[in-house]
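Quick notes on the structure that follows.
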Protein chains: 2
Amino acid sequence: MADVENGSGAAAPRKRADARRNEATLLDAAAAAFVESGVNVPVRDIAARAGVGVGTIYRHFPTRADLIVAVYRHQIEACAGAGPVLLAERDRPHDALARWIGMFVDFLVTKHGLAEVLRSDAAAFQALHASFIDRLVPVCRQLLEAAAAAGEIRPGLDAYELLRGVGNLCVGAGSDPRYNPRHLVELLIAGLRIQ
Amino acid sequence: MADVENGSGAAAPRKRADARRNEATLLDAAAAAFVESGVNVPVRDIAARAGVGVGTIYRHFPTRADLIVAVYRHQIEACAGAGPVLLAERDRPHDALARWIGMFVDFLVTKHGLAEVLRSDAAAFQALHASFIDRLVPVCRQLLEAAAAAGEIRPGLDAYELLRGVGNLCVGAGSDPRYNPRHLVELLIAGLRIQ
DNA sequence: TTGCCAAACGGAACGAAGTTCCGTACGGTC
DNA sequence: GACCGTACGGAACTTCGTTCCGTTTGGCAA
């Protein structure tokens, strides 16, 4: 995840043309398969959709988490970038926090099964945490600290814990018409507020 | 789940002695296996521990959910029974609600993986919902309504949604030292309070 | 006590899915 | 154009849930 970045170019051996082509094809196929069948779609299905062997998937993306991260990297980046913007736009940091959490919820609930896999901390999902959580936690912390500094929320809640919690609340969203995570996330954010 | 109850005895064909013995052995083995390896322990492991074939497990407990329900039935019953007691004991219904939710959290976080399976609504987990959720939702609703009637919380939150949410927040508890669901559950309950 | 039979048992067998491995193909370079 | 190492494909292996069926056995009636 840290090497083979375009840009600096130091010690990046430049992959073969067919490898680059396959990686792009796989990302497209995975994105489509995720939409259609959720992020837990069988590896074979993605391979078939991309017209490659399963070995090729494992070469490019050793774990399912690597593939998920690659597919959703742009959206995570957009979400992370929106944090400071919201903070600058809004007068009340608590408002910015609520909106930002809302964006995160929107992202999660539109991806079948993504919240489920976000919760795991097994070795296989190291990459997920490294890329998703580690990217978003600092943003969330900034929002929390701004709201706490403004005296709008009680301080002390850990950003990681909040994000994990919100992620957990989104588990199973969409598969149960009686359950709407947004209600509970709103309550959670309301609970933060100083009475 | 509804038949073969001791008691009334109408149309209960009385199972064979070996069947009853195996069922008890299986419950013990499953309870032990759940503690050691979580509720997702492989069926074969439970069978081996009980000294029976896998077919015997499926005969007594067609789905994993049936087994889980049978193992934890007593604890669920105790939790459900505690609701009215707490309500009678406490002056403030919101306090009773908070304590009761705390009991539910305690139950969930001490069972590896139980919260995970609680979230599913796939056909296989019908029994889980029928026994766990359907037993607890009315109790939770009673507490919510009492607190709303006392003017302590804003009305309108669905008991099912709250229980699902609390269950979700407990997903992954214990496998991540940085995540303590109790913090967030407390915030959630605090968020219910009328400001 | 003995014999019968349906209930119950055990575990082989099957299917789905993840993961590994290795012979083959091919892109890039000399 | 030849060479070499990267990359490919998919068969094979593993794990796990689930089903199925030949065998055993408990309960009962003769």
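In the text below, chain A, chain B and the rest are named by the order of the sequence lines, each starting its count at 1.
Spacing between atom OH of B:Y58 and atom P of C:dA12 amounts to 16 Å, rounded to whole angstrom units. For the pair B:R16 CZ and C:dA8 P, the interatomic distance rounds to 6 Å; values are reported in whole Å. Rounded to an integer number of Å, the gap from CG of A:L26 to P of D:dA7 is 14 Å. Between the CZ atom of A:F61 and the C1' atom of C:dG18 there is a distance of 17 Å, given to the nearest Å. Taking atom CG of A:D45 as the reference point, atom P of C:dA17 lies 7 Å away to the nearest angstrom. Distance A:I57 CD1 to C:dT20 P: 14 Å, rounded to the nearest Å. Atoms CG (B:D66) and C1' (D:dG17) sit 15 Å apart, rounded to a whole Å. Atom CG of A:L67 and atom C1' of C:dA17 are 16 Å apart (whole Å).
Along DNA chain D, the nucleotide nearest to B:P42 and the one nearest to A:G55 differ in position, and the one closer to the 5' end is contacted by A:G55. Checking A:R21 against A:P62, the closest nucleotide of DNA chain C that is more toward the 5' end is the one next to A:P62. Judged by closest nucleotide on DNA chain D, A:E23 is the one of A:E23 and B:R20 placed further toward the 5' end. The residue among A:V43 and A:D18 whose nearest nucleotide of DNA chain C is located toward the 5' end is A:V43.
Contact annotation: A:H60 side-chain N/O to D:dC8 OP1/OP2 distance is under 4.0 Å. Contact check, A:T56 against D:dA7: no side-chain N or O comes under 4.0 Å of OP1 or OP2. OP1 and OP2 of C:dA7 both lie 4.0 Å or more from every side-chain N or O belonging to B:R59. Between B:N22 and the phosphate of C:dC9, there is a side-chain N or O to OP1/OP2 separation shorter than 4.0 Å.
For A:V54, taking side-chain heavy atoms from C-beta onward, the closest of the listed nucleotides C:dT19, D:dC8, C:dC9 is C:dT19. Side-chain proximity of A:R44 to D:dG9, C:dA17, C:dG27: nearest is C:dA17.
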Stepwise side chain to side chain donor-acceptor pair (under 3.5 Å) test for A:N22 and A:T25: CA-CA 5 Å; A:N22 271 328; A:T25 308; 4.8 Å; no
Decide yes or no on side-chain contact (heavy atoms from CB on, under 4.5 Å) for B:D45 and B:R49, but give the supporting numbers first. CA-CA 6 Å; B:D45 289 4; B:R49 198 186 274 259; over 6 Å; no
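Electrostatic pairing of B:R92 and B:E152 counts as a salt bridge here, judged by a charged N lying under 4.0 Å from a carboxylate O.
The main-chain N or O of A:F132 is never found under 3.5 Å from a side-chain atom of A:R73 such that the two would form a donor-acceptor pair.
The two residues B:A19 and B:K15 come nearest to each other via the heavy atoms CB-CB, 4.3 Å.
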